[in-house]
Amino acid sequence: MSKEITARSEDYSKWYNDLVLKGGLADYSAVRGCMVIKPYGFALWEAMRDVLDRKFKETGHQNAYFPLFIPKSFLSKEADHIEGFAKECAVVTHYRLKNDPNGGGVVVDPEAKLEEELIVRPTSETIIWNTYKDWIQSYRDLPLLINQWANVVRWEMRTRLFLRTAEFLWQEGHTAHATADEAIAETRQMLEVYADFAENYMAVPVVKGVKSPSERFAGAVDTYCIEALMQDGKALQAGTSHFLGQNFAKAFDVQFSNKENKLDYVWATSWGVSTRLIGGLIMVHSDDQGLVLPPKIAPIQVVIVPIYKGADQKAGLDEKVMEIVKTLRSAGISVKYDDNDNNRPGWKFAEYEMKGVPVRIAVGARDLENQVVEVARRDTKEKMTLPLEGLAGNIQNLLDQIQQNLYDKAKQYRDSHITRVDTWEEFEKVLDEKGGFVSAHWDGTAETEEQIKDRTKATIRCIPLNNPQEEGKCILTGKPSKERVLFARAY
RNA sequence: CGGGGCGUAGCGUAGCCCGGUAUCGCGCCACAUUUGGGAUGUGGAGGCCGCAGGUUCGAAUCCUGCCGCCCCGACCA
């Protein structure tokens, strides 16, 4: 009715925006490229954050917080790093405003110019490594395992809600190790944490892999990533974990004494996921009726809608429903009882479907007489009648089934959209007509990668981990290749 | 930064060519009837028509300048 959603087939971008805006996740803000994350969207982020934060702590990390501002000079210490971020940095040049002498509000006070300009962090490697220099003297100080939850700013030319905003929320882990092997193990461990989170909580299947040199994080030796596939056939980088080698240690002179009392530079990693995950989550599961959220991170797992005639009947219903709510909550299920009298049941049904609540329970007088409730699942739209007896257990099973079903569906789509291709014609055809990942041979050069990108807009998403070795010929140049890599058009 | 679109009530819009203080729907407020898939009726409130100039007796409408947002591309998580 009032909240029509554009069909995916009609306009995929519009569909996505409709879900975010009408699903109550976020709004555009007064600042270009920046969004307001609304309570429901933020609850989703909190749910993700809680799971990840627990996993980080289980793997030995501690949270800390570093400044939003970074002295300009820090950023230029690592050559590749500044190269990668220079074009999208917001810069603070003054620290004071004053009344406009010509009237009309306030102006920047030219007297208040900063001696050294400050960069609003696009990422925190530099400020953190400048700090680690003071924290690390000996191998006994290692490993140093720190994470921070923060906002960062990257002045993007073109932004999209959640997927690419000028300011976004994320976590960034920054660790220091005594050996390269240990740092690499950390990098890969965190990649596994991300993959586990994506698959088992967000129900988003991912490909784990390594980036090609040109797609690497600025300043990294190796960038590992998890890549997900959206319903429109485009890939989304959902998380990255970098082995930084000794690049930042050297740039910031972070040395430690090893057991032999010799000085050496420490080995570093960094890894992060952002609110972009929310965008990916939306695009993997949702449909033309609205959001579809996996139970394990849905802010509301079960909504209960009462159906009644008159206040008397409702009072009776309230009493019984509160019992149900209590039972479900004690089983660890998050429940909302929507007894708001301003909206009628049909309106609520549509509303919670749009918001992607996994399970809806409708209860009326008739049901109570029969000791049952009507249960509807969001993923399949299936409705069933369940007895009050043993309801919590049945709902828990249903939530598990929904979680599994979402994953299975997404995985089936993903798997059927990894296409092996051996000729250039096929390569272009699959990208244009089918989409998804294309598994093809590549001669390993940046030039070829670049040419392929220019001609097809597809990039190498990753070289999958444990990639089978196989003789073949580069899709573009015909030069010899030892393995296939995954190409796709990406967000 | 290029191409396209758009700024009128909280939201979505009509009116603009052809100048006369603004239409409709949703939402909001009140009351009543309603409540198993987005209720109905009656009454009501709400507008610097993006901003600034100009033309005119008179501008949402014509002219000039500016600002903002969205979409598509180049760049990026």
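The sequence lines fix the lettering, A, B, ..., with proteins before strands; numbering per chain opens at 1.
- Between B:rA32 and B:rG68, the two C1' atoms lie 45 Å apart (nearest whole Å).
- Heavy-atom nearest nucleotides on RNA chain B were determined for A:Lys453 and for A:Asp367, and the one closer to the 5' end corresponds to A:Asp367.
- Rounding to whole angstrom units, NZ of residue A:Lys314 and C1' of B:rG36 are separated by 16 Å.
- Residue-level contact check: A:Glu156 touches the bases, meaning some heavy atom is under 4.0 Å from a base atom.
- A:Arg360 comes within contact range of at least one nucleobase, with a heavy-atom separation under 4.0 Å.
- Remark: the separation of the C1' atoms in B:rC29 and B:rC67 is 35 Å, to the nearest Å.
- Closest heavy-atom contact between A:Glu125 and A:Leu244: CG-CD1, 4.2 Å.
- If you check distances only, the side chain of A:Asn343 never reaches the base of B:rG38 with a donor-acceptor pair under 3.5 Å.
- Counting non-hydrogen atoms under 4.0 angstrom, A:Tyr28 reaches the backbone sugars and phosphates but no base.
- Nucleotide B:rC16 is matched to nothing when pairs are restricted to Watson-Crick or G-U wobble geometry with both distances under 3.5 angstrom.
- A residue-by-residue look at A:Lys457 and A:Gly33 shows that A:Gly33 has its nearest nucleotide of RNA chain B further toward the 5' end.
- Put simply, A:Arg164 has no side-chain N or O that comes within less than 4.0 Å of OP1 or OP2 on B:rC76.
- To the nearest angstrom, P of B:rC26 lies 15 Å from CH2 of A:Trp347.
- Checking side-chain atoms of A:Thr131 against main-chain N and O of A:Ile127 turns up a donor-acceptor pair under 3.5 Å.
- Using the Watson-Crick or G-U wobble rule with both distances under 3.5 Å, B:rG46 pairs with nothing in any strand shown.
- Using atom C1' as the reference point in both B:rA22 and B:rC49, the two lie 8 Å apart (nearest Å).
- When every heavy atom of A:Met202 is checked against every heavy atom of A:His285, the shortest pair comes out as O-NE2, 2.8 Å.
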Can you give the donor-acceptor pairs under 3.5 Å from side chains of residues 159-169 of chain A to other protein atoms, not counting sequence neighbours?
{"from": "A:Thr165", "atom 1": "OG1", "to": "A:Glu167", "atom 2": "O", "distance (Å)": "2.8"}
{"from": "A:Glu167", "atom 1": "OE2", "to": "A:Asn151", "atom 2": "ND2", "distance (Å)": "2.8"}

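- Under the Watson-Crick or G-U wobble criterion, with both distances below 3.5 Å, B:rG7 is paired with B:rC67.
- To the nearest whole angstrom, the two P atoms, one in B:rG27 and one in B:rG12, are 15 Å apart.
- Contact annotation: A:Arg344 side-chain N/O to B:rG36 OP1/OP2 distance is under 4.0 Å.
- Nucleotide B:rU56: unpaired (no Watson-Crick or G-U wobble partner with both distances less than 3.5 Å).
- Only the C1' atoms considered, B:rG5 is 16 Å distant from B:rU13, to the nearest whole Å.
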| request: For the pair A:Tyr132 and A:Phe248, evaluate ring pair (Phe, Tyr, Trp, His ring centres under 6.0 Å) and give the outcome as yes or no after the intermediate values. | output: CA-CA 10 Å; A:Tyr132 282 1; A:Phe248 285 91; over 10 Å; no
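- Every residue two or more places apart in sequence or in another chain that forms a ring pair (Phe, Tyr, Trp, His ring centres under 6.0 Å) with A:Trp271 is listed here: A:Phe56, A:His61.
- With hydrogens and angles ignored, no donor-acceptor pair under 3.5 angstrom links the side chain of A:Lys383 to the base of B:rG36.
- In a base pair of the Watson-Crick type (N1 to N3 plus N6-O4 or O6-N4) or a G-U wobble (N1-O2 and O6-N3), with each distance short of 3.5 Å, B:rG73 is matched with B:rC1.
- Rounded to whole Å, the distance from CG on A:Leu21 to P on B:rC26 is 22 Å.
- In this structure, A:Asn17 reaches the B:rC71 phosphate: one of its side-chain N or O atoms is under 4.0 Å from OP1 or OP2.
- Between A:Glu227 atom CD and B:rC76 atom C1' the separation is 14 Å, expressed in whole Å.
- Spacing between atom CG of A:Asp454 and atom P of B:rA74 amounts to 10 Å, rounded to whole angstrom units.
- Residue A:Glu374 is in base contact, counting any heavy-atom pair closer than 4.0 Å across all strands shown.
- The residue A:Thr385 sits apart from the nucleic acid: no heavy atom pair falls under 4.0 Å.
- Neither side chain, A:Tyr308 nor A:Asp339, offers a donor N or O lying under 3.5 Å from an acceptor on the other.
- Note: CG (A:Leu386) to C1' (B:rG36) measures 16 Å, nearest angstrom.
- Comparing the P positions of B:rC51 and B:rG10 gives a spacing of 13 Å, expressed to the nearest Å.
- If you take atom C1' in B:rG47 and the same atom in B:rG36, they sit 41 Å apart, rounded to whole Å.
- Here the separation of B:rG43 from B:rA60, taken at their P atoms, is 30 Å to the nearest Å.
- Residue A:Ser274 is in base contact, counting any heavy-atom pair closer than 4.0 Å across all strands shown.
- Residue-level contact check: A:Arg32 touches the backbone only, with heavy atoms under 4.0 Å from sugar-phosphate atoms and none from bases.
- Pairing partner, B:rA32: B:rU40, with both Watson-Crick or wobble hydrogen-bond distances short of 3.5 Å.
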